[in-house]
Amino acid sequence: MDTLQLTLLTTFAPFAAFLLAILFMGGRPAAAQAIVLLGSLVSLAGAVALFLHGPSEALRYLWFSSGDIQLQFGFILDGISLVFGAVVALITLCIAVYSRAYMSHDPAKTRYFALLGFFAWAMLNFVYAVDLLQAFIFWELVGLASFFLIGFWYEKPEATAAAKKAFLMTRVGDVGLFIGILLIRQVTPSFDIPTLLDPDAGLVRLVAPGMLTLITLLIFCGIMGKSAQFPLHTWLPDAMEGPTPVSALLHSATMVAAGVFLMARLHPLFMASATAATFALYIATFTALLASTIAMVDRDIKKVLAYSSISQLGFMLMGLAAGGLYAGVFHLITHAFFKALLFLCAGVYIHHFETNDMEEIGRRGGRRLRLTTAALVIGGAALAGVPPLAGFFSKEEIFAQLGHDGFTLFMAGAFAAAFLTAYYTFRMIFLVVRPAHIEDAQPPGEHGSPEPWNMMGPIVLLGAGALVLGFFGAEIAALLNLQVGHHSLGAMLPAVGVVLLGIGLAWLDYGRRRAARRGFIAAVPALYTLFTNKWYVDDFYRAGIVRLTLAAARLLHWLEDRALDANFDRLGGRILASGLRATRVQNGWMQIYAGCAVLLLGACSIYLVLR
């Protein structure tokens, strides 16, 4: 099988599964699950085969031609596409297998699994897209698929509201991204990504520095929306209204990672604009801190992980904006494993105890689910950056990249975010593993075994990745044609110290016997209130944007309904009335016609005589 056939098989197997499931298997959910699982397995096999084959020439085929515009869609098979495509395919298969148990009692399983296939198709085609316009098309299809999956339980008003919010907020950023793509068209007829990135004849050589800065800032608007960066971050926690496997899929290696992947893909353009890179660095640093402060006070286990995703995406963008392509991509890959792992662990607890509250999960015996709890500790330690787990190595690369210019504001922000990450992560672990007390009564086993094999299999696989993936940094760097720097033990000590400090404080607040379980931030009521209310960003949007928009809509509706439409209705009515009166002249009486003719002739005669 040649490269083209293998790439088509990888990218279109999930789409074929989606079509078969949604069109022909509405009443056969078991068959729909099987076909989507088969499509995901074929896609993973193809992605792994492409990865093992290694980078090769991009495949391009003419799709559209008009004048000097030549749109050649196809596939780019460089290192970053190959490794990330394999990660996306693997996470998708894990989620599909896990969902067989998690969604076993849902009446709409067919629709759910079909949408998983649609999402995987859109995401993989985005990753392998060789043309920027082609990438944008699949970028939007990823957003559409996420809208369907977040609002899957559309009977719940919260789910439909969350889906609409995610769709609209990400569209705000996408407007900027699309304008940036159109500006590229002003200087070159090609959207071919390798051509745009060519150091000798690419976009950097074709445009003035000011225009390049404008283009990259507009592209970053789309990245901010898709990767949930301030101020377009508030959709992601609300998206937890969807099924937990959807949260694991969207918020680990796929949708939210698409923004980071786009910045990594166009990294030379951002590095050529110091203004755009600095702006991205400020946004990412602030977002990482903001999300961490909210995660440390929330009690919903899925929302804690959602805010954690926002913060970690900020870390990735910090690494990329500081010039570290390898640092950002490495953390993107490791995060995919340990964050998907944590979401799937949360799903096991939620599926069994039917609650998202971490304290209640702990009280009802969450630690009795031993395999899930062990995976939660492994995933949490990787997220916190505990050596030698995967998250430690990838975060260390980001710290090293930020530290090239000494101890800067961004370095301080990264250390503060790392401290809070360790704190809120082990707060979550201690609330589940070391509750104040455990209720004696076991919850009823409505869903059968609390840890079925098709849930535990993906968890074990992702847990293994979180354990060992950090040792493969050199191989990932080689795919990116980069060299890995070797860090001394002394250089690593500050990061390790910050992590241990966060874990120790979490132990004092939540882990030790008779701990107050309020958190150190409760000693500062003003900050506790600020963090609990999510920095009032949503309140600002509701008061300053939503209400004003609704008020403007009501005013325009009144103008249209009562002023414009009503007046035109009155004008039309008067025209009809005039016409009705005019019909009386046309009554068919010859005497009246003759009399009118005589009067008209008489008036004309008098006018001519008097003139």
Side-chain angles (χ1 to χ4, degrees), residues 288-289 291-305 307-308 311-312 315 338-339 341-343 345-346 349 353 356-393 395-396 399 414-439 463 466-467 470 492-525 527-528 531-532:
L289 281 169
S292 296
T293 59
I294 302 172
M296 63 189 282
V297 297
D298 209 308
R299 290 178 50 169
D300 185 317
I301 189 169
K302 284 178 68 176
K303 289 194 174 180
V304 168
L305 294 176
Y307 283 111
S308 171
S311 180
Q312 296 307 303
F315 266 103
F338 61 70
K339 187 53 63 64
L341 171 65
L342 288 169
F343 269 114
C345 290
Y349 291 125
F353 298 109
N356 291 26
D357 189 296
M358 294 184 291
E359 292 192 30
E360 187 173 349
I361 291 171
R363 285 198 307 270
R364 293 173 62 180
R367 68 185 186 187
R368 291 174 180 147
L369 307 183
R370 298 188 183 279
L371 188 55
T372 303
T373 302
L376 180 75
V377 173
I378 291 172
L383 170 60
V386 175
L389 302 181
F392 164 74
F393 291 101
K395 280 188 181 179
E396 180 57 36
F399 290 135
F415 275 125
F419 163 75
L420 293 177
T421 300
Y423 177 81
Y424 70 67
T425 302
F426 276 83
R427 167 182 176 264
M428 172 184 68
I429 292 172
F430 292 142
L431 285 174
V432 172
V433 176
R434 297 184 61 83
H437 67 279
I438 300 178
E439 297 173 0
L467 281 170
M492 296 180 181
L493 283 178
V496 175
V498 164
V499 169
L500 294 179
L501 183 61
I503 296 172
L505 188 55
W507 168 263
L508 292 174
D509 285 348
Y510 296 96
R512 64 188 174 91
R513 189 183 298 273
R514 298 187 183 89
R517 297 181 177 276
R518 295 177 65 240
F520 71 92
I521 202 65
V524 188
L527 286 179
Y528 184 81
F531 299 160
T532 303

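Everything numeric here is computed off the predicted structure, so don't read it as measured data.
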Do the non-hydrogen side-chain atoms of Leu505 and Phe419 ever get within less than 4.5 Å of each other?
-> yes
Is the Phe415 ring parallel, tilted or perpendicular to the Phe399 ring (thresholds 30°, 60°)?
-> parallel
Going by atom types only, do Tyr349 and Thr373 share a side-chain donor-acceptor pair under 3.5 Å?
-> yes
Nearest-0.5 Å distance, SG of residue Cys345 to CG of residue Leu369 | 10.0 Å
Please determine if Lys302 forms a cation-pi arrangement with Phe343, meaning its NZ or CZ atom is less than 6.0 Å from the six-membered ring centre and no more than 45° off the ring axis.
-> no
Check Gly511 against Arg434 and note the closest heavy-atom contact, atom names and distance.
-> O-NE, 2.6 Å
Determine the minimum heavy-atom distance between Ile429 and Gly380, stating which atoms define it.
-> CD1-CA, 4.1 Å
Could you tell me if the ring centre of Tyr307 sits under 6.0 Å from that of Tyr424?
-> no
Tell me, do Phe430 and Asp509 make a side-chain contact under 4.5 Å, heavy atoms counted?
-> no
Taking all non-hydrogen atoms of both residues, which atom of Ala295 and which atom of Val304 are closest, and how far apart?
-> O-CG2, 3.8 Å
CZ/Arg512: more than 12 non-hydrogen atoms of other groups inside 6.0 Å | yes
With a 4.5 Å heavy-atom cut-off, do Thr421 and Gln312 have their side chains touching?
-> yes
Quick one: does NZ or CZ of Arg427 land under 6.0 Å from the six-membered ring centre of Tyr510, within 45 degrees of the ring axis?
-> yes
Among all residues two or more places apart in sequence or in another chain, which pass the side chain to side chain donor-acceptor pair (under 3.5 Å) test with Arg299?
-> Asp357
Do the non-hydrogen side-chain atoms of Asn356 and Lys303 ever get within less than 4.5 Å of each other?
-> no
Nearest-0.5 Å distance, CZ of residue Phe353 to CZ of residue Arg364 = 6.5 Å
Interatomic spacing from OG1 in Thr532 to CD1 in Ile521 - rounded to 0.5 Å = 9.5 Å
